[in-house]
Structures are given as C-alpha cells and as structure tokens.
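Reckoned from all heavy atoms, side chains included, excluding hydrogens, waters and symmetry mates. Numbers restart at 1 for each chain; the letters A, B, ... are given by sequence-line order, proteins then strands. Computed from a prediction, not measured in an experiment: that's the story for all the values here.
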Amino acid sequence: MATRSRLSAQTLSVLAALREEPSQWHHGYALAKLTGLKSGTLYPILIRLADRGLVEACWQDEPQPGRPRRHLYRVTADGLAAAAPVAQAESARPGTRVTPTGRAVVRRALS
Amino acid sequence: MSGLSRMRGALARGVLRLVPAGRRDWVAAVWAEAGEVPPGWRRLAWRAGGVRLVARETLQRRTTGVTLLFAAAAALAAWAAWPGSPAGFATSVDLADVITVVALLGTLALATRRLFGPAGGGRTAKFLRIAVYAAILALIPAKNVVEQVLDAPPRGGIDLRLYRLISGPGFGNHWKNEILFLAVMALYATAILWLTSQRARLAPATLVIGTVAGGALGVAWYVIGPLGFGGAPATNPWLPGSDVAPFMVVAVILLFAAPITAMVAAGMRYTALAGGKIRQVVAAGLLTSLTGALLATVSGTGTIAAMLSAPWLRDWLYRDHQLAGVAGLQLLLRGNPAALAYSHQITAATDAPPFLIICVVFPLVALVLAGFGSLGLAASVPGQPAAQTEVPGGDLSSGVASAT
C-alpha cells in the first residue's frame with residue numbers, strides 16, 4: 001500500500017514505541033525519550049500519523065495539580081497494521097537512520 | 001499573575017492564532033509537555049522544537065505564505081522607491097505612489113478573494129498573479145527615478161535650455177496623470193485577479209495561451225522600442241537620427257496580431273459549447289494585451305531608470321546618437337559631450353510617461369477585437385444564443401483540450 005511505503009524510519013520508530021503498550025496512552029516526552037527524536041521532529045510525525053488515522057490523540061482528563069493538561073497518544077488498529085510489515089522490512093535493512101534507542105524499540109516491538 | 005506572565009500568555013495566544021485551527025492543539029501540547037522536560041538546555045531545546053512546529057504549520061498555510069511574500073515584496077519596492085529628496089512635487093508623487101500602490105494591491109487581493117473566489121486555472125494562474133503583482137511593484141521605483149529627474153530642472157546654462165526644449169513646459173502639477181496611473185494599475189490588478197480566479201472559469205490552456213502571447217508581445221515591443229515610443233524616432237537607440245520608424249509598423253501589426261492569434265488559438269483549443277468558447281476567446285485576447293502592455297511598460301521604464309542611474313548604459317544605448325528628431329537641438333549639442341549626455345537623459349525621461357498610453361490602448365484594442373470575435377462566434381452557432389449554450393459551473397476540462 002502506498003501509505004505504508006511512505007512511512008519513514010523515524011515514523012516507524014514512533015509507531016513501534018506506541019506498539020509496546022498499544023492499549024496505553026503515551027506522553028510526548030516519553031515518546032521522545034524512547035525514540036530519541038527531538039520535539040520539532042516528533043510532533044510533525046505524530047500530526048501526520050493522527051491525520052492518517054494511525055494514531056489517536058486526546059487531552060489528559062485529570063491533570064496533576066499545578067501542571068498543565070498533557071496531550072496523550074495511542075496507536076490505533078490501523079496503526080498497528082501499518083507498522084508491522086514495513087517495520088520488519090526496515091529492521092532487516094542495515095543503515096537505518098533511527099537512533100540506537102529507536103532501533104532497539106523497533107526490534108523489541110517486532111520480537 | 002505577574003505582568004510578565006500575562007505578557008507571555010498574550011504572546012502565546014497571539015502565536016497560536018497564526019497556526020491553523022486544526023493544529024493549535026498540537027502546538028499547545030508541545031508547550032504543555034515542556035514542563036516535564038528537565039530544566040536547562042533540554043527544556044529550551046524542547047521549546048525550540050515547539051517554535052519550529054509553529055513556523056512549519058504557519059508557513060504551510062497558503063494565505064500566510066502569500067501574505068508574507070507580498071509583504072516582503074512591498075517592503076522591498078517601498079525601500080527602493082522611497083524618495084531620497086526632501087521636497088518637491090516629484091517627492092510628493094513618489095510618496096503617494098508607494099503608499100497607494102501597496103495599499104491598493106493588498107486591498108484588491110483581499111476584496112477580490114471574497115468577490116471572485118481563490119485562484120483557479122492551475123499553476124499558470126498563480127504565476128500570473130505573482131508576476132503581475134511583482135511587475136506593478138517593480139514599476140514604482142523605476143517610475144520614481146524618472147520623475148525625480150523630470151522634476152529637477154537644471155539651474156541654468158545649456159542644460160536648462162535643453163531641459164526646456166526637450167521636456168516642453170516642464171513637469172508641472174500633473175496629479176491627474178498620477179491618478180490615471182493609479183487607476184490603470186488598479187484595473188490591471190483587478191483584471192488579472194478576475195481572469196485567474198475560479199469564478200472566471202477559464203481553462204488552464206487559455207491562461208497559458210494568453211500569457212505566452214502577451215509575453216511575446218511585450219518582449220517584441222520592448223525590443224523594438226526599449227525606451228518607449230514617446231519621442232520616436234529620436235530616442236530609439238536602434239534607429240539613430242532616423243525620422244522614419246519602420247519598426248513602428250511592425251509594432252502596430254503585433255499589437256493587433258498577438259491578441260488575434262491568442263484568441264484563435266484559445267478558440268481552437270476549446271471544443272465544447274459556444275458560450276464557454278466566447279469566454280475563453282475574449283479572455284485570451286484580453287490577457288495577451290494586459291500582460292504585453294505591462295511587460296513592455298515595466299521593461300521600458302526600468303531601462304530608462306537604469307539608464308538615468310548608469311552612464312555606461314546610456315552611452316552604450318545611444319553611441320553618439322544626436323537626437324535629430326528634436327528641432328534646434330543639434331546646434332546646442334555640437335562639440336559638447338556633457339550636454340549631449342544630458343539631452344539623452346532628459347529625452348529618455350520624457351519618454352517614460354507615455355508608457356501609460358500603451359497600458360490604456362493595448363486592452364482597448366483587445367476588447368474591440370474580442371467584441372468582433374464574440375459576434376463572429378455567436379453568429380456561427382445558428383439558433384443558439386451564446387448565453388443559453390454556456391454550461392453553468394461546468395467542468396472546463398471537459399471542453400478544453402489539454403494544455404500540456
């Protein structure tokens with residue numbers, strides 16, 4: 001599928017990080033730590049994934065006292081389906097541009 | 001809440017308004033998440049990513065990008081055209097030109113978007129809009145250079161005699177000309193915004209034909225008369241000393257031939273019903289004359305302005321040309337290279353204002369030709385008046401052969 005083939009290695013690393021606990025909501029900073037991506041790269045990826053329906057996003061219901069509400073992300077069923085085959089191919093290809101942390105996440109998620 | 005916090009909040013809300021509504025949550029999300037990042041460089045880097053996201057999402061909004069482009073071009077034109085001289089009629093005119101043209105172009109873009117809708121007709125429509133706006137903005141500094149020369153009569157000597165002889169009664173209080181110039185430019189901008197709008201329902205092929213034919217017409221007129229035809233043939237560098245301008249005949253033929261060719265080509269491209277065909281034919285002719293006149297005017301006025309500022313260009317263009325067309329001039333110029341150079345300057349400067357005539361005459365010629373063409377087309381469809389055969393809101397692509 002054309003949509004799947006356009007997923008970059010960085011996008012795959014985000015999907016893989018979300019796949020680790022697919023039923024859980026993830027915070028942006030936690031995803032940044034898992035994938036090694038900076039906020040300026042991570043959020044455009046999350047926006048694209050949400051636009052394609054591969055990730056869903058919502059605001060935290062009950063924020064911690066004195067803290068602003070946080071935005072949460074979770075992989076959708078389509079996201080799980082989209083990530084799996086392409087991520088396998090990516091992990092098999094040497095020289096991927098994902099950071100070591102991100103690559104480890106992809107491997108863990110696919111194992 | 002401290003004043004600083006309030007200011008920060010107001011700034012954040014202002015920045016958020018720049019971002020498309022559907023993306024504001026994401027920018028707010030980056031900002032909210034910054035509290036979780038360890039303070040110091042890491043948090044700063046996180047916030048920098050947020051700023052990057054704002055820039056990215058803001059610039060992706062086409063209207064913001066176009067507005068920024070227009071603002072930059074207008075600022076450049078204003079900077080180049082802003083008069084350096086402290087007083088004088090030309091300075092007042094130049095200030096009025098800069099302010100009015102920038103305000104006019106901005107207002108027209110906003111107003112016509114509501115009236116005519118956004119740009120249609122593919123890339124050519126967008127190119128035409130940008131090119132015409134750029135041409136009008138570029139015309140202002142060039143025109144202002146010329147006006148500063150025309151409004152500065154020499155204090156005495158042979159130059160003053162030359163000035164009076166060549167420029168006639170002088171620059172004078174020609175506010176009427178300025179108002180006419182601004183009105184013509186407003187009409188040009190409006191016409192192009194209409195022709196390139198979705199509501200005009202012109203086929204991309206029509207726009208391409210009109211643009212190419214108009215470009216060819218403008219280039220031809222510029223090559224034939226790079227400094228205009230106001231004082232022709234005396235000021236034409238290609239015809240030094242000639243009282244006859246055979247190329248003028250070619251220029252006049254082209255004035256008619258270019259829009260006719262464009263109209264015929266647009267008509268041949270169109271294969272659907274007559275009403276739509278008339279629309280395409282008329283638009284192709286009008287577009288040819290508009291773009292041709294504007295190109296010739298901007299190029300010619302720009303060359304005159306460059307010549308006034310660069311002596312080497314003046315010398316290269318004229319090459320000891322004696323300006324034989326002006327009576328009694330040769331006597332004054334004999335053996336006086338400085339006076340000869342000044343005569344070239346002031347003659348070319350007086351030739352710039354008549355470009356306005358080109359801007360008025362070209363579209364009028366095209367409209368007359370288009371009127372005849374429409375009558376001919378309407379008559380060629382027996383029993384079907386043009387208005388009834390038009391497809392309201394129809395898909396143009398079905399009726400026009402591909403432009404590519």
Side-chain angles (χ1 to χ4, degrees), chain A residues 6 8 10-11 13-15 17-18 21 24-76 79 97-102, chain B residues 1-69 118:
Chain A
R6 275 193 229 115
S8 68
Q10 291 169 326
T11 307
S13 74
V14 174
L15 276 176
L18 290 166
E21 290 173 288
Q24 293 295 306
W25 291 96
H26 300 258
H27 298 124
Y29 183 51
L31 286 173
K33 280 199 291 189
L34 275 170
T35 56
L37 297 174
K38 295 187 188 328
S39 59
T41 309
L42 172 67
Y43 279 86
I45 289 173
L46 286 170
I47 290 172
R48 276 202 304 277
L49 289 173
D51 285 347
R52 292 184 191 182
L54 305 180
V55 161
E56 55 184 325
C58 72
W59 284 101
Q60 198 175 32
D61 283 335
E62 293 170 9
Q64 289 177 321
R67 295 281 179 111
R69 283 196 307 156
R70 297 173 76 182
H71 215 215
L72 307 169
Y73 314 99
R74 188 168 68 178
V75 68
T76 62
R97 291 166 69 190
V98 188
T99 61
T101 319
Chain B
M1 190 188 270
S2 72
L4 190 65
S5 301
R6 273 200 299 273
M7 213 159 77
R8 250 172 48 185
L11 185 67
R13 282 193 297 278
V15 168
L16 266 184
R17 277 199 197 129
L18 292 172
V19 181
R23 296 287 192 247
R24 286 175 196 162
D25 267 5
W26 292 94
V27 175
V30 184
W31 231 246
E33 202 66 15
E36 304 299 323
V37 182
W41 285 111
R42 282 189 184 178
R43 187 176 291 179
L44 197 64
W46 186 270
R47 287 197 192 280
V51 172
R52 219 175 107 191
L53 184 67
V54 169
R56 180 193 162 96
E57 295 300 329
T58 307
L59 290 175
Q60 275 183 358
R61 280 176 78 177
R62 187 167 291 168
T63 48
T64 310
V66 170
T67 307
L68 286 175
L69 185 69

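Nearest heavy-atom pair, B/W46 versus A/A32, reported as atom, atom and distance to 0.1 Å: CZ3-CB, 3.6 Å.
Using bins of under 30°, 30° to 60° and over 60° for the plane-to-plane angle, the ring pair A/H71/B/W26 lands in the perpendicular bin.
Side chains of A/R70 and B/E36 form a contact here, defined as non-hydrogen atoms less than 4.5 Å apart. Looking at heavy atoms from C-beta onward, B/R56 lies out of side-chain contact with A/Y43 at the 4.5 angstrom threshold. In this structure, B/R52 and A/T41 have side chains that are in contact, with non-hydrogen atoms separated by less than 4.5 Å.
Neither the backbone nor the side chain of A/L72 comes within contact range of chain B; no heavy atom of the residue lies under 4.5 Å from a heavy atom of that chain. When heavy atoms are compared at a cutoff of 4.5 Å, B/A34 does not approach chain A at all.
Of the listed residues (B/A45, B/A48, B/G49), the greatest number of heavy-atom pairs within a distance under 4.5 Å of chain A belongs to B/G49. Ranking A/G40, A/S39, A/P68 against chain B, the residue ahead of the rest is A/S39, based on heavy-atom pairs under 4.5 Å. Among the candidates A/H27, A/R69, A/R67, the residue making the largest number of heavy-atom pairs closer than 4.5 Å to chain B is A/R67. When the candidates B/V51, B/V27, B/V37 are compared by the number of heavy-atom contacts under 4.5 Å with chain A, B/V37 comes out ahead.
More than 12 non-hydrogen atoms from other residues, nucleotides or ligands lie less than 6.0 angstrom from CZ of B/R43.
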